[in-house]
Protein chains: 2
Amino acid sequence: MVDHATDIGRASAARSRILDTATNLFYAEGVHAVGIDRIIAEAGVAKATFYKYFPAKDELVRAYIQNQSRQGRAMIDKISARSARDSILAIFDLVADAAAQPGYRGCPFLNAAAEYPDQSHPVRQAIDEHRQWKRDLLRGLLVADGSSDSETTADILTVASDGLLIASHLDRPANLRRLILETVLQILGPLADK
Amino acid sequence: MVDHATDIGRASAARSRILDTATNLFYAEGVHAVGIDRIIAEAGVAKATFYKYFPAKDELVRAYIQNQSRQGRAMIDKISARSARDSILAIFDLVADAAAQPGYRGCPFLNAAAEYPDQSHPVRQAIDEHRQWKRDLLRGLLVADGSSDSETTADILTVASDGLLIASHLDRPANLRRLILETVLQILGPLADK
DNA sequence: TGTCTAGTAGACAAACCTGTCTGCTCTTAA
DNA sequence: TTAAGAGCAGACAGGTTTGTCTACTAGACA
């Protein structure tokens, strides 16, 4: 099998530019609020090129969600903690890190889900996939932490995570890091077994 | 001051029809996804009448939010509990009641906020007002319940409320009522003082 | 009878949306 | 040298958006 020069970057430069531009615009202003024309203009790409890689706008939105999911996983993969409990705390701390960023506008998955009422829509399915992955991750860590009911506690941690993402965006509490710590410790137990 | 016949209903029938129709459509399909033409058609109202009562679409959206807020307060006002703690539990139980309704699509305030990136937008301000009202309500109940740190606990209850609203919509857990109870009791303390 | 108000019906403008299609240039590989 | 693929530029179609404006109807009241 011979190498094709165009395969060197795996994804074409034009496609990457489209996806990067769409990621920034969709996150900052919402999916319905950003049109194709604006994306191709800011990405410096021809319309025909856009429709070659993304046959419909919804497919770009789906790629946007998967892109956000990939980036979110990468952030979590970088964490190196000494214990399962420390890993959970570090994951929740990412919310505070994100909220401290300049253009922070809440959770991209929650924001996008609000714009897609139909539960069976491919975009919603991509969001569900990410949420399922995150819940499974938390449940695994709870098992390693010796949780007596990892299923229920994973659900409660998911509730806490979503609620903190909402709070960090809509309410912007003064001491977000402290609120995160208090919330998580109340769920895991302050000085629980190991 | 003489009574005007047109004041009998306080708000005109046409205006009410517009707001009711918009409330249903905005909640079910999202704000950006529903156009003026559709609202006036389903409300059976002339375009001029619409623009007489709502000079711009955003003013209708603001009225929609305030309408939802009014309805939400009415639900909570109906609660008659024996203690502050029971009141809090009853308020959280409203989430399960709402989620059991046929056309449930999550929290109207969270969904609308996701469509308005600008924090200073009148629609966002109306959402903030409702959130502030609800937080103050919870904090008052916590004080009555003898909470030692009602400020922090009100923040955590808000986190739980938002998280449960998200979960009830996106994840639809099998036993939502049990998840709500476990989450709230973990925050208030299972068999705490009083 | 005459006037005022609320409302209906619908044309219209100007912008914007998604998606298709034609024609051109440039690079790379055979 | 030539052929193919990648990309650029932009016109175009058909629909939808918000918002304005004109012309008409029906009821209340003085």
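Sequence lines set the chain letters: A, B, ... in the order given, protein chains first and strands last, and positions in each chain run from 1.
Atoms CD1 (B:I40) and P (D:dT16) sit 14 Å apart, rounded to a whole Å.
Among residue pairs with one or both ends in residues 50-84 of chain B, those qualifying as ring pair (Phe, Tyr, Trp, His ring centres under 6.0 Å) are B:F26-B:Y64, B:F50-B:F54; sequence neighbours excluded.
Side chains of B:D149 and B:T152: a donor-acceptor N/O pair is present below 3.5 angstrom, by distance only.
Judged as a side chain to side chain donor-acceptor pair (under 3.5 Å), and not counting sequence neighbours, A:H169 has no contacts. In this view, A:D136 satisfies the salt bridge (charged side-chain N to carboxylate O under 4.0 Å, His left out) rule with no residue, not counting sequence neighbours. Take A:E182 and apply the salt bridge (charged side-chain N to carboxylate O under 4.0 Å, His left out) test, not counting sequence neighbours, and it matches A:R178.
Across all strands, B:R17 comes closer than 4.0 Å only to sugar-phosphate atoms, never to a base (heavy-atom distances).
Taking only side-chain nitrogens and oxygens, B:S12 never comes nearer than 4.0 Å to OP1 or OP2 of C:dA6.
Taking every heavy atom of residues 111-120 of chain A and every atom of DNA chain D, no pair lies under 4.0 Å.
A salt bridge does not link B:D171 to A:R135: none of the charged side-chain nitrogens sits closer than 4.0 Å to a carboxylate oxygen. A salt bridge links B:D93 with B:R177: at least one charged nitrogen is closer than 4.0 Å to a carboxylate oxygen.
Using a 4.5 Å heavy-atom cutoff, the side chains of B:V45 and B:R15 are not in contact.
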Between the protein and nucleotides 15-22 of chain C, are there any N/O to N/O pairs under 3.5 Å, and if so, what are the atom names and distances?
residue	atom	partner	partner atom	Å
C:dT18	OP1	A:K57	NZ	3.2
C:dT18	OP2	A:I36	N	2.6
C:dG19	OP2	A:K57	N	3.0
C:dG19	N7	A:K47	NZ	3.3
C:dG19	O6	A:K47	NZ	2.5

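Side chain of A:Y53, nearest nucleotide from D:dA9, D:dA6, C:dG7: D:dA6.
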